[in-house]
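Every chain is numbered from 1, with letters handed out A, B, ... down the list of sequences. Every value quoted in this text rests on a predicted model; they were computed, and no experiment measured them.
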Amino acid sequence: MTTIDTPEKTVAPRPSRTPKPRRRIVVEGSAKHRGIQALSALLVVLFLLWAASQPLFRVGQFTNVFIIAIAIVGLNLVTGYTGLLSIGHSAFFGLGAYTTGILITKYEFAPMSTIPVAVVLSFVVGLAVGLPSLRIKGLYLALVTLAVGVSFPEIVRRAEDLTGGATGLVIRSRFLAPPEWTGLVRAERGIWMFWLSAVTLMLVMLLARFLVRSRFGLAMMASRDHEIAAAANGVNVARTKILAFGISGAITGLAGSLFAQYIGALSPDGSFTLLKSIELVTGLVLGGIATQIGPVVGAFAVVFLPYYTASFTSGPLSGVVFGALLIAIVFVMPEGIVGRLTLLSRKVVTFLPADHPSRRKGERPPEEPT
Amino acid sequence: MELFLERLISGLTNGSIYALLALALVVVFRGTGTLNFAQGELALFTTFVAWWLTTQSIPVWIAIVAALVLGFVMGALIERTLIRPVQRRNDMAVLIVALGLFTGLNSLAGLLWGSETKIMPSPFPNGLDDYVSIGGARLYFDALGVWGALIVLMFLMTLLFKKTKIGLHMRAVADNPESATLAGVRTSRVLAIGWGLSGAIGALAGVLVTPLAPQQLGLTTMFSIFIAASAAALFGGLDSLVGAIVGGLVIGVLEAMLTGYISIIGGSLQQTSALIIIVAILFVRPNGLFGTQKLVRV
Amino acid sequence: MSPHTSVLTLDEVSIEFGGITALDGVTFDVRAGQICGLIGPNGAGKTTLFNCITRIYQPSGGRITWKGDDLLKVRPHALASAGIARTFQNLALFGGMTVFENTMAGGSSVKGGKRQMRDRAWALIERLELVDVADHHAAGLPFGTLKRVELARALMSEPQLLLLDEPAGGLTHSEVKELGDLIVSLRDEFGFAALLVEHHMGLVLGISDHVVALDFGHKIFEGTPAEVKDNPAVVAAYLGRAA
């Protein structure tokens with residue numbers, strides 16, 4: 001399930017255990033299952049409605065959470081599912097943000113129409129970054145992604161004419177007014193960004209879920225777990241890795257584009273440095289590598305932790321907490337929060353696919369293996 | 001001509017610092033097979049401690065020795081408690097722990113001592129007049145001191161690895177841990193000593209570089225040095241001490257020359273250039289320029 | 001394809017590594033539906049030959065044809081779609097995926113709809129008695145179970161040739177017997193040919209239709225299992241060396 005914790009293979013069969021009480025079975029696609037899904041969806045909607053009614057400053061925080069969550073969903077694809085650690089994803093985040101910023105301020109694009117451009121550009125750069133992964137592995141590849149992440153602010157500072165350099169790029173709020181069809185006025189831009197980010201997050205999560213459960217998902221995970229066996233089974237590992245980087249970069253670039261619209265002022269040393277990359281990795285690991293909801297949980301932690309720790313001291317306490325958290329997670333909960341919850345829930349309930357053999361024959365569903 | 005010499009001197013001085021940190025990286029890699037991503041920040045932390053001691057009226061040289069000792073102890077502790085237990089799993093776990101150390105140590109330094117830049121006193125005379133003239137260029141004593149430190153360290157390391165028993169054990173463990181254990185080497189102790197040694201060398205790099213203008217001591221000081229040192233270490237494939245030293249000096253000199261003579265690069269693209277070097281090397285030789293090819297058993 | 005036509009042909013296959021000849025003019029073939037055992041003492045070149053067939057090495061001389069086509073032109077990741085599947089000596093399962101997902105991954109080269117693939121995966125899982133562990137992650141399952149998962153994964157692509165790399169390694173005596181029976185019954189059911197590289201004499205002689213023996217890169221024997229035991233060259237090869 002995870003890539004931080006792959007214990008050695010057992011050589012001898014495991015000792016048998018006393019039989020455990022039967023778990024509840026829920027068949028995927030059944031009425032019970034649909035009911036659970038509907039209930040979850042309802043809870044999400046209720047949460048969003050509640051969040052949107054909070055004071056504007058909180059609404060902004062939630063918006064930030066959604067944006068970071070989108071960025072982490074992107075990172076999860078390449079690091080969680082394909083096993084290629086990237087500590088340079090801040091570059092994609094920044095690329096998306098600056099693309100939007102420049103298109104709006106210099107070329108008078110409408111904000112929404114900058115999004116596809118940011119996504120495509122980030123996709124292409126992602127493909128390029130994926131190329132080294134064909135020859136370079138593991139920690140060396142991480143170094144390369146570090147290179148990419150650290151060069152981005154330097155290049156932004158250099159290309160002053162385009163990006164505003166070190167002084168930054170400001171997008172005047174009149175350019176960021178909500179589109180007319182929403183019926184919102186410029187002052188309600190915060191609410192607009194909240195809903196835009198929330199909906200985008202949900203769409204992106206659906207996309208990620210679709211990808212992971214497709215053949216491509218199997219190819220990603222196979223490439224992660226054992227390249228040679230993957231190739232022997234017909235997986236084109238090179239193409240998988242490059243595509244994974246491309247899609248991952250595109251999604252994080254999408255987050256960056258939303259970020260620019262949300263924050264309105266960009267600076268190379270603000271949110272596009274190595275610190276942002278580390279933030280994204282921390283959120284991913286904390287929430288749960290290679291899980292579908294992990295990025296959201298991680299995003300909440302990563303946005304709210306510094307906010308709360310800042311009230312304690314004036315120093316960078318959040319950095320210390322993040323550092324300690326990263327280390328603690330590897331030791332205590334390498335599967336992350338969502339991973340751990342999933343493991344626990346499996347003791348109580350089993351989700352059975354509709355085509356499971358036991359259902360066809362009307363047999364009892366499987367017991368826990370001894 | 002003097003400009004060239006001054007650039008060369010500056011390049012060799014910075015290069016020596018890169019070489020020192022690169023040495024630390026190589027020592028860890030040879031023993032444990034990992035790049036210590038947090039090496040720079042560990043050095044930073046120990047340098048902060050040295051600085052703090054000098055503010056408590058402790059003489060610079062003693063503060064430096066204290067930093068070296070602290071670096072050794074922290075390095076060994078980190079290896080024992082944080083790295084070793086996680087090594088058995090996979091690469092990513094170790095990298096993430098190192099990432100955690102990277103953030104944690106840097107922020108801890110900021111938390112304890114604040115993020116304003118501090119002035120680090122130099123162990124060498126470093127007044128405006130403390131220089132020697134070579135061909136019209138000024139060779140300051142503190143630069144000379146850095147070169148001297150590198151030379152002394154190279155000498156000590158050679159002595160350690162070639163003439164001492166512990167050095168022999170370290171080479172054995174680096175080469176083949178299982179055989180070494182079977183031959184009676186206390187592998188766990190050797191690993192801890194390796195990391196400890198590298199922590200001390202990193203501390204040395206930190207206390208030597210920070211007094212050099214315009215470095216001084218800030219939270220971001222060691223990061224770019226770490227990047228350059230990684231590139232330097234890769235020169236030798238991460239397991240060659242000589243490669244690391246050569247790499248460090250070459251990068252230092254290249255940087256000084258390019259910054260000076262080609263304005264397009266300028267200061268602000270320093271890190272990008274170093275990193276392009278890293279990518280280029282790894283592309284051509286995925287295990288470093290002189291690295292040994294890895295065999296994969298299927 | 002009628003039974004006993006040759007599907008995999010090796011013709012004077014040779015390979016050198018830095019002056020050392022690891023394989024020297026090896027010639028034999030594997031017939032449709034046949035289990036061919038490849039034996040020889042350590043260092044004989046079995047693994048090298050295996051790696052040539054799985055396209056990890058490129059022979060310096062000779063030809064290998066698969067169903068009439070030149071196999072040496074095929075890249076490693078195209079083997080599965082060419083109808084050749086393999087298992088690994090040290091078990092190369094996808095540890096982060098479940099048994100079901102591992103099996104599905106075996107179909108990566110197959111063009112087929114989701115429904116079709118899932119049905120086939122479940123069929124194989126049932127056949128190999130893996131239903132109880134289907135949603136278990138591969139990492140952490142007992143060794144013997146993992147061997148069957150590898151077989152399920154390999155069979156997913158409906159291979160016509162199954163390459164088995166020392167499948168008996170790490171198994172107890174009775175487990176080897178079970179494995180042998182399983183391989184034979186799978187062959188009877190699915191009709192693939194198999195090349196079995198193996199040290200365990202009991203397994204090789206027990207299930208092979210045809211045996212090839214190598215020593216120092218040469219083929220020293222080819223024939224039936226019954227003939228192998230008494231063949232003086234084979235006996236000398238094994239006894240004359242510390243195996």
Select one option (side chain, backbone, both, neither) describing which atoms of [X] are under 4.5 Å from chain A's heavy atoms.
X        : answer
C/Asn102 : neither
C/Met117 : side chain
C/Leu93  : backbone

Problem - Region of A/Ala219 that comes under 4.5 Å of a non-hydrogen atom in chain C - result: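 Neither part.
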Problem - Row check, C/Phe88 ring normal vs C/Arg86 NZ/CZ: under 6.0 Å, within 45° - result: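 Yes - C/Arg86 lies over the ring of C/Phe88, closer than 6.0 Å to its centre and within 45° of its axis.
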Practice task
Tell me, please, whether C/Phe94 has C/Arg153 positioned over its six-membered ring: NZ or CZ under 6.0 Å from the ring centre and within 45 degrees of its axis?
Solution key: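 Yes, C/Arg153 sits over the ring of C/Phe94.
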Quick check for you: among [options], which has the greatest number of heavy-atom pairs under 4.5 Å with chain A?
options                              : result
C/Glu101, C/Arg75, C/Arg55           : C/Glu101
C/Thr172, C/Val110, C/Thr98, C/Ile84 : C/Val110
C/Ala85, C/Ser109, C/Ser108          : C/Ser108

Exercise for the section: Please examine the side chains of A/Val281 and A/Thr79, heavy atoms only from C-beta on, and report whether any two atoms are closer than 4.5 Å. Expected result: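 They are not in side-chain contact.
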Practice task
Would you check if there is a donor-acceptor pair between the side chains of C/His199 and C/Asn42 at a distance under 3.5 Å?
Solution key: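 Side-chain D/A pair, C/Asn42 to C/His199: present.
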Practice task
Report yes or no: do A/Ser40 and A/Gln37 form a side-chain donor-acceptor pair below 3.5 Å?
Solution key: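 The criterion, which ignores hydrogens and geometry beyond distance, is not satisfied for A/Gln37 and A/Ser40.
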Exercise for the section: Select, from A/Ala230, A/Ser214, A/Ala229, A/Gly217, the one with the greatest count of heavy-atom pairs under 4.5 Å involving chain C. Expected result: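 With the most close heavy-atom pairs to chain C, the winner is A/Ala229.
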Exercise for the section: May I ask you to say whether C/Glu175 pairs ionically with C/Lys147, meaning some side-chain N is under 4.0 Å from a carboxylate O? Expected result: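 Not counted as a salt bridge, because no side-chain N and carboxylate O are separated by less than 4.0 Å.
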